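Since this is a predicted model, take the numbers as computed values, not measurements. Both ligands and their constituent atoms are indexed starting at 1 by order of listing.
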Amino acid sequence: MPTIKATASNIRKAAAALKAGGVVAFPTETVYGLGADGLDPRACARIFEIKGRPRFDPLILHECSAARGRRLFARVPAAAGKLMRKFWPGPLTLVLPKSKAVPDIVTSGLKTVAVRVPSGRHALALIRAAGRPVAAPSANRFGRLSPVTAAHVARQLGDGPDIILDGGKTPIGVESTIITFEGGRPVLLRPGGLPLEEIERVAGPAAAPAGRGKKPLAPGCLKKHYAPQARLKIVDPGAAPKPSRKAAYLAFSRRPAGRWAAVKVLSRKGDLREAAANLFKALHRLEGSGAALIYAEKVPPHGLGRAIMDRLRRAAA
Ligand code: TXA
Ligand code: MG
């Protein structure tokens, strides 16, 4: 049985597995990650196999302190240093020129590397005990819904990972915000658990990515992603479609009228943080209802709403 509780002794066991080239799924404050020794190319190769992830999609390296995270970069612009000091540990990933220590398989051959210091205490304890950067994408099959519980991981990956550490539901519920820098200005590669507004307050206004029209700046930010197995359609909260027992409904703050195959409300208070925390769990539930179609309501596109709308649009693509 690969799933074990994230106790201190099991975290030591998981760290030993990482050092021996194993693959461990573990909770972070955002979503569950599928981790391996980030300096061991063979261990990293197993992540791609277990996820069914194409090799052109690079991994994030996780470190246990800002000082150690910083060492994985060759150069750090001043504004990026400010972000590290303010938001690490936390749901912020920085993409900057990589140091020589980082293997090519981690970056898919790119000259930049994605690094973050998670704030989840089990994640921090695991990385500290492993004593090396831990490469970890979200612990789902490629292109499927991200996992926010150990059961979600087990359902998609089965006994692929050597160990699944169960630390309960992850509190933020959407992946980290990914930022890079161009000409000293921050560029948003993926909206996530840290609102862009907070980043801009520290690093200045974000620039639009220069890569427009060419290949995407974050190779993994494919248009279709985070997909539930049902078809997903985005609707306006005021204009709910006709109720159907064959469709499921994901509401932002108010339960829709009528009978549906299943209904989930993201936040009765209309709170975007709470809505983000509930997003993937609700989608897993609605997917499990067997409905062929899921209607998902738009949410306000600021703060954590930006990350929610990004995930819904990809799921609907
Ligand atoms: O919250 C998170 O970020 C979670 C937890 C486990 O830490 N991880 C996560 O990893 O979401 P993943 O692999 O599912 O998403 C990472 C994204 C991918 O879209 C990848 O293409 C992009 O980061 N990425 C990684 N390295 C990059 C690089 N050097 N340049 C541009 N994008 C990069
Ligand atoms: Mg992912």
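- Side chain to side chain, S138 and E175 fail the donor-acceptor criterion of an N or O pair below 3.5 Å.
- E29 places a side-chain N or O within 3.5 Å of a backbone atom of S119 that can act as its donor or acceptor partner.
- Between atom CD1 of residue I294 and atom CD of residue E287 there is a gap of 6.5 Å, rounded to the nearest 0.5 Å.
- One finds no salt bridge joining K233 and E297 here, because no Lys/Arg side-chain nitrogen approaches an Asp/Glu carboxylate oxygen to under 4.0 Å.
- At least one heavy atom of D57 lies less than 4.0 angstrom from ligand 1.
- Counting the atoms of ligand 1 from 1 in the order shown, those under 4.0 Å from a heavy atom of G33 are 6 (C).
- In the vicinity of A114, heavy-atom distances shorter than 4.0 Å reach the ligand 1 atoms 25 (C), 26 (N), 27 (C).
- Of the N or O atoms in Y32, none lie within a sub-3.5 Å distance of an N or O in ligand 1.
- Under the 4.0 Å criterion applied to side-chain N and carboxylate O atoms, R314 and D310 are assigned as salt-bridge partners.
- At a 4.0 Å heavy-atom cut-off, ligand 1 touches I178 through the side chain alone.
- Side-chain heavy atoms closer than 4.5 Å link hydrophobic residues (I, L, V, M, F, W, Y) into clusters, and following such links, even through other members, never connects L293 to I234.
- By heavy-atom distance, the residue among R53, E175, K51, R190 lying nearest atom 15 (O) of ligand 1 is R190.
- Within ligand 1, the atoms closer than 4.0 Å to a non-hydrogen atom of S138 are 8 (N), 9 (C), 10 (O), 12 (P), 14 (O), numbered from 1 in the order shown.
- Figure legend: R53 and F142 shown without cation-pi pairing, the cationic atom not lying both under 6.0 angstrom from the six-membered ring centre and within 45 degrees of its axis.
- An N or O contact shorter than 3.5 Å is missing between T28 and ligand 1 by distance.
- Among the atoms of S138, an N, O or S atom falls under 2.8 Å from the Mg ion (ligand 2).
- Near I60, meaning under 4.0 Å from one of its heavy atoms, ligand 1 places the atoms 3 (O), 8 (N), 9 (C), 10 (O), 16 (C).
- One option in V102, L59, V95, T93 has a heavy atom closer to atom 30 (N) of ligand 1 than any other, and that option is V95.
- When each atom of ligand 1 is checked for a heavy atom of L110 under 4.0 Å away, the hits are 28 (C), 29 (N), 30 (N).
- Within the structure, every pair that satisfies the side chain to side chain donor-acceptor pair (under 3.5 Å) test and touches residues 30-52, not counting sequence neighbours, is listed here: T28-T30, T30-R116, D37-R132, R46-D162.
- Contact annotation: for K111 versus ligand 1, there are no heavy atoms closer than 4.0 Å.
- Atoms of ligand 1 lying under 4.0 Å from any heavy atom of T112, numbered from 1 in the order shown and given with element: 28 (C), 29 (N), 30 (N).
- Within the listing of ligand 1, atoms 1 (O), 2 (C), 3 (O), 5 (C), 7 (O) sit less than 4.0 angstrom from a heavy atom of R116.
- Side chain of T170 to main chain of I172: no donor-acceptor pair is present (N/O by atom type, distance under 3.5 Å, no hydrogens or angles).
- R190 and S176 form a side-chain donor-acceptor contact under 3.5 Å, judged by distance and modelled atom types alone.
- Assignment of H62 to the shell around ligand 1 is supported, since a heavy atom sits closer than 4.0 Å.
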